[in-house]
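The structure appears right after this line, and notes come after that.
Chain identifiers are assigned alphabetically (A, B, ...) following the order of the sequence lines, protein sequences preceding nucleic acid strands; residue numbering begins at 1 within each chain.
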2 protein chains.
Amino acid sequence: MARPPRYDSGRFLDAAVRLAAEAGPAAVTMAAVAKAVGAPSGSVYHRFASRPALLAEVWLRTVEDFQEGWFAALGDGGQGPRAAARAAAVHVVAWSRAQPRAAALLLYGPADFGQGGWPEESEARARAGHERVRTALAELCADLGEDGARAAERVALAVVDVPLTIVRRHLRRGEDLPPYAEQLAGDSALALLGAG
Amino acid sequence: MARPPRYDSGRFLDAAVRLAAEAGPAAVTMAAVAKAVGAPSGSVYHRFASRPALLAEVWLRTVEDFQEGWFAALGDGGQGPRAAARAAAVHVVAWSRAQPRAAALLLYGPADFGQGGWPEESEARARAGHERVRTALAELCADLGEDGARAAERVALAVVDVPLTIVRRHLRRGEDLPPYAEQLAGDSALALLGAG
DNA sequence: GCTGTTTTGGAGAGCCCTCTCTATTTAATT
DNA sequence: AATTAAATAGAGAGGGCTCTCCAAAACAGC
């Protein structure tokens, strides 16, 4: 017994992703999102209580999608910790290749999307995701027989940060990822882990 | 035969660096810079023709300072290309440790500071700096006996991008760099180069 | 067809930001 | 002391953005 929705929140989020990828988080204004979708600004506020709430959702939806595949790659097949690390590193690049606009968001940080001013529910989701990653990295470390803050950092570099940096190099210049990017990420991960 | 300057452009730039480091490039508004220095907004416009001109100067001053030391580290002492690469990687971290606020700027890209809308003179400076780096990396590649796009990328990762990523990991969370960061950058660089 | 509920559509208040314009101040020179 | 170049000081026009508010529209159930 109600008027049917005409814009669902996904459409607004998709537009927000596009805007952020093309011109940075600052370009994601409520007015710009509304215009991109062809909706009046009131309709955006019907779905998202505020600009911080929208930015939080854009960030979290993207990061959670990314993490889902990353956890799967890391845990997949029992081929030992080094193979798992390689698979995770490769996944970062493969996911970015499949969704370059979403990947462009990850190159920013939550702070650039206003974290700190988010609704508490969003802050909690961010903490939960962060915690899951932290735990997975700690387990990987243990499986590799490494310990200490320094080893933990080398592992994190290998399976997350360096692959993302490879993506950053190209996306920042507006280029596509080269065909060898996955292999470079995988090889770099093994090289860093082997450097122990 | 003139009234002596009361604010020099350096003070405005310093304030802009602080604002950008703390809240991102978007927070560097002409009004905020003026307020931070205690000057009226007109005085900022006396030194910088426009906001894009100010942002360009903030970025270029920082990057050029960074590059100066980086070239020195890379070219210093004739200890062979691998030692030079290591020194350059270490320098990235050491420079960031000494100037964490300036380093926070480098974690953004020129696009975040409005490149594309800069005055032509600034765009030219950016191109020149970029070209110097490109040339230095090509020479390093040659000295290492590497060639091809993929090798070039691995070298760039080793001596610039991975060290910056180590810095990013910590600065993004508001932490100081750990004491082992320089060594980690140097070791990572060698590991990546050796992975060839 | 009527009712009730949800959503759209759009105007506009209030705020901040960029940039302009016009005094006014200051000190070296004459 | 008068002159003059260079800089400060600050008000305000114009524009965009956030968010509010209310009337109009659309559909399910009776």
Rounded distance (Å) that lies between atom [atom2] of [N] and atom [atom1] of [X]:
X: A/K35; N: C/dG9; atom1: NZ; atom2: P; answer: 17 Å
X: A/F48; N: D/dC19; atom1: CZ; atom2: P; answer: 13 Å
X: B/H46; N: C/dT24; atom1: NE2; atom2: P; answer: 19 Å

Would you call [X]-[Y] a salt bridge at under 4.0 Å N-O?
X: A/R47; Y: A/E57; value: no
X: B/D14; Y: B/R61; value: yes
X: A/D161; Y: B/R169; value: yes
X: A/R150; Y: B/D187; value: yes

Can you confirm if the NZ or CZ of B/R132 lies within 45° of the ring axis of B/F71 and under 6.0 Å from the centre of its six-membered ring? yes
When you check the phosphate oxygens OP1 and OP2 of C/dT6, does a side-chain N or O of A/R47 lie under 4.0 Å from one of them?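 So the side-chain polar atoms of A/R47 never come under 4.0 Å of the phosphate oxygens OP1 or OP2 of C/dT6.
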Taking protein heavy atoms under 4.0 Å as touching, what does nucleotides 10-23 of chain C look like 5' to 3' if B marks base contact, S marks sugar-phosphate-only contact and - marks none? BB-----SSBB---
Inter-residue atom distance A/R127.CZ - A/S122.OG, 0.5 Å rounding: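 The distance works out to 10.5 Å.
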What distance do B/L54 atom CG and B/F12 atom CZ have between them, rounded to the nearest 0.5 Å?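 Rounded to the nearest 0.5 Å, the CG-CZ separation comes to 9.5 Å.
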May I ask you to list the residues of residues 5-18 of chain B, by number, that have any heavy atom positioned under 4.0 Å from an atom of DNA chain D? B/P5, B/R6, B/Y7
Expected list for residues 108-120 of chain A near DNA chain C, using heavy atoms below 4.0 Å, is none
Please tell me if the side chains of A/F48 and A/L55 come closer than 4.5 Å, counting only heavy atoms from C-beta onward. no
